[in-house]
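Here is the structure we will look at, set down as structure tokens.
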Amino acid sequence: MERVTVTGPRRRRPPARRRAVTAEIDAQTQLGEVYMRALLRAQLRLSLAVAGVVLGLLATLPLLFALAPRISAIELAGIPLPWLVLGGLIYPALVAAAWFYVRAAERVERDFGDMVNRS
Amino acid sequence: MSSPTGIAAVVLTALATVLIGMYGVRAARTTSDFYVASRTVTPWWNASAIGGEYLSAASFLGVAGLVLAYGTDMLWFPVGYTAGYLMLLVLVAAPLRRSGAYTLPDFAEARLESSAARRMASILVVTIGWLYLLPQFQAAGLTLRTVTGAPQWAGPVVVAVVVLVSVLGGGMRSITFVQAFQYWLKLTALLVPALFLLLVWVGDGRPELATPGSPVFEEPTSVEVTIDVTVDVPSQISVVADGEPLVLEPGPHEVSAGTVLDFPAGAPIPHASSLTPMTGESWALPLTAGGDHPLYATYSLIIALFFGTMGLPHVLVRFYTNPDGRAARRTTLAVLGLLGVFYVLPGLYGALGRLYTPELLLTGRTDAVVLVLPARLVDGVAGEALSMLVTAGAFAAFLSTSSGLTVSVAGVLSQDLLHGRVRNPVTGFRLGAFLALLVPIGLALTSPFLGIADVVGLAFAVAASSFCPLLLLGIWWRRLTWPGAVAGLLAGGGASTAAVVVTILGGPQSGWVGALLAQPAAWTMPLAFVVMIAVSLGTQQHLAPGVNRTMVRLHTPENLDLNRGDWDPEDRWRT
């Protein structure tokens with residue numbers, strides 16, 4: 001049987017930079033809390049924006065079908081529009097929203113890491 | 001399909017599951033710590049495993065059955081199952097992974113530092129798990145009956161035995177390979193026959209799926225009734241019953257199992273009394289199903305599915321196998337892609353079923369459409385092979401979801417409810433697994449058949465009204481207290497469970513009361529949020545002392561050198 005060594009990611013800790021924001025966060029000083037709240041707010045704003053746009057668009061669909069029945073009667077290539085949207089087109093749109101979110105959330109974390117390590 | 005092929009498909013799936021499971025366990029034993037080893041799994045494999053566990057009988061069989069009976073509105077089920085993962089991704093995925101929680105009670109304890117909140121979460125995990133297992137077992141009974149003619153109780157028992165064997169053999173170890181294999185099996189099992197079905201349909205000159213007016217038998221049709229059913233005859237029909245001419249008067253008729261009914265071409269289809277007949281026009285248009293208040297029913301269903309996914313017990317366990325929060329996000333993105341590819345297919349089966357297998361409206365077994373359609377449209381050996389494929393896929397759906405749920409429920413039962421009564425943790429887990437299966441099997445054998453996707457929808461409603469507020473407020477709002485969390489779980493979880501029990505035991509009610517009870521999420525989820533926030537604001541003296549440290553743990557990327565507290569769920573496996 002092969003023996004596998006499991007290691008975590010190597011931690012960078014240049015001594016000159018260490019005594020900085022990370023220490024403030026660890027000590028839960030006011031400055032550290034300001035950084036944490038900024039991170040939380042940035043992430044929450046991003047999450048709510050993506051969730052809000054997707055939910056908003058999806059939630060208007062039933063209303064649209066209810067208020068403007070003529071839209072439901074439109075056919076593309078012989079398939080009624082509601083079937084086309086709910087049965088297929090909606091899925092690439094959901095994946096695209098997810099892809100956008102993952103990139104944006106990773107950028108927020110990178111910026112936070114830069115900020116914490118720089119000062 | 002003949003019984004030997006059906007039995008072969010079931011046996012092969014079960015065998016492949018057990019064999020791959022054994023291989024997975026062996027691969028895992030080469031490292032000292034299984035749980036760390038499992039984190040070397042790439043996001044792609046992990047995503048396949050999550051997809052495999054998530055695509056249950058409701059997705060594989062139930063959605064197509066609902067689309068066959070009720071049309072456009074039912075496409076919201078697969079859309080909701082997928083969009084639920086998007087909500088999970090943007091609101092909880094990375095923080096939940098970073099919390100280190102292995103189960104929902106773990107999360108409640110880590111965030112709120114309270115054993116009362118933990119116990120409340122445990123009770124809800126068991127409730128949701130049982131509610132979700134019930135339709136899996138009913139679907140297993142339906143499948144075995146459809147493909148082999150076995151009695152209704154055989155399916156649940158076979159699934160339970162295979163699950164019990166694999167779960168007890170693998171123990172708490174989550175077997176990524178099995179679940180990943182089952183995703184690809186399920187996708188192949190729907191995709192390949194679907195291509196053949198489309199070819200046949202195009203070859204027929206692309207006939208209209210639902211002709212205007214009430215559904216009729218387009219051709220002379222012979223229907224064999226395999227389970228007693230009450231049908232509503234819309235107008236007088238002359239049929240041949242078991243070789244004898246018979247005139248069916250309008251009104252309800254009881255048809256006993258074994259009867260063969262021959263309908264002439266153009267005869268209106270008598271619907272099983274459990275189904276609401278729909279004309280071709282309303283079937284093809286949205287907002288026509290859902291009883292008296294279709295707009296409310298649609299919105300409530302959307303809320304339940306979008307926000308229920310994050311609170312399902314078997315979903316969270318799988319996130320733990322990601323190495324860090326960033327990988328958890330990327331895995332979820334891949335899951336969304338895999339689900340999107342899969343969920344295009346069930347609607348297709350339902351739509352073609354409306355055209356080619358209308359007799360299911362009479363027998364009421366619309367959930368079987370995926371199983372019977374391939375053999376109906378494709379003749380000979382190819383048809384047999386395709387039937388075998390869909391049967392194997394359906395069986396994989398019961399096995400993967402049931403074993404995932406059983407592990408989650410058994411873990412919670414043994415840790416939180418049997419703890420202290422049973423000394424040996426392994427014995428406790430086995431006892432837990434046994435209990436986890438016993439209750440839903442008992443329910444499956446005694447309760448009436450309600451439609452697979454409907455009952456799963458109710459499980460989502462309970463999850464959306466209990467764990468969704470707990471996770472969202474726990475992750476994003478520091479002032480959540482344990483009394484607030486417990487009160488919110490009691491209010492939302494209790495109200496939605498009560499609505500579910502009334503619907504299951506009492507049957508569908510009419511009017512607004514019926515709509516509110518059949519689709520409770522739209523009022524029980526806001527209720528849970530309001531109670532959780534209000535009680536938390538009134539009990540600020542009970543704030544978790546380490547909440548700021550917990551927030552650092554939940555939200556900062558792992559590559560930053562920060563103090564994240566010393567709570568570690570893996571401690572319990574190190575002793």
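A, B, ... follow the sequence lines: proteins, then strands. Residue 1 opens every chain.
- Neither the backbone nor the side chain of Thr332(B) comes within contact range of chain A; no heavy atom of the residue lies under 4.5 Å from a heavy atom of that chain.
- Heavy-atom distances place the side chain of Arg478(B), and not its backbone, under 4.5 Å from chain A.
- Residue Phe77(B) does not touch chain A at all, counting heavy-atom pairs closer than 4.5 Å.
- Comparing Tyr85(B), Phe306(B), Tyr299(B) by how many heavy-atom pairs each has under 4.5 Å with chain A, the most go to Tyr299(B).
- Of the two parts of Val67(B), only the side chain, counted from C-beta on, holds a non-hydrogen atom closer than 4.5 Å to a non-hydrogen atom of chain A.
- Gly113(A) and Leu560(B) make their closest contact through CA-CD2, 3.8 Å (heavy atoms, listed as atom of the first residue, atom of the second, distance).
- Taking CG of Leu94(A) as the reference point, atom CE of Met87(B) lies at 8.0 Å (rounded to 0.5 Å).
- When all heavy atoms of Pro557(B) and Phe112(A) are compared, the closest pair comes out as CD-CD2, 4.2 Å.
- Looking at Ile90(A), only its side chain comes within 4.5 Å of chain B, counting heavy atoms on both sides.
- If you measure heavy-atom distances from Leu89(B) to chain A, the contacts under 4.5 Å come from both the backbone and the side chain.
- Interface residue Phe65(A): backbone and side-chain heavy atoms are both found under 4.5 Å from chain B.
- Proximity to chain B involves both the backbone and the side chain of Leu40(A), based on heavy atoms less than 4.5 angstrom apart.
- With sequence neighbours left out, Ser59(B) forms a side chain to side chain donor-acceptor pair (under 3.5 Å) with Tyr343(B).
- Summarising the geometry of Leu86(A) relative to Thr72(B), their closest heavy-atom pair is CD1-O, 4.2 Å, with the distance given to 0.1 Å.
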Could you tabulate the donor-acceptor pairs under 3.5 Å formed by side-chain atoms of residues 41-64 of chain A, not counting sequence neighbours?
residue  : atom : partner  : partner atom : Å
Ser47(A) : OG   : Gln43(A) : O            : 3.0
Ser47(A) : OG   : Val90(B) : O            : 2.6
Thr60(A) : OG1  : Gly56(A) : O            : 3.4
Thr60(A) : OG1  : Leu57(A) : O            : 2.7

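- Atom CG in Leu348(B) sits 9.5 Å away from atom CH2 in Trp83(A) (nearest 0.5 Å).
- Taking every heavy atom of both residues into account, Met36(A) and Val552(B) meet most closely at CE-CA, 3.6 Å.
- Note that CD of Glu109(A) is 4.0 Å distant from CZ of Arg329(B), once rounded to the nearest 0.5 Å.
- Counting non-hydrogen atoms of other residues, nucleotides and ligands closer than 6.0 Å to CZ of Phe100(A) gives a total of 12 or fewer.
- In terms of heavy-atom proximity, Val344(B) sits nearest to Gly88(A) at CG2-CA, 4.4 Å.
- To the nearest 0.5 Å, atom OG1 of residue Thr82(B) and atom OH of residue Tyr91(A) are 4.5 Å apart.
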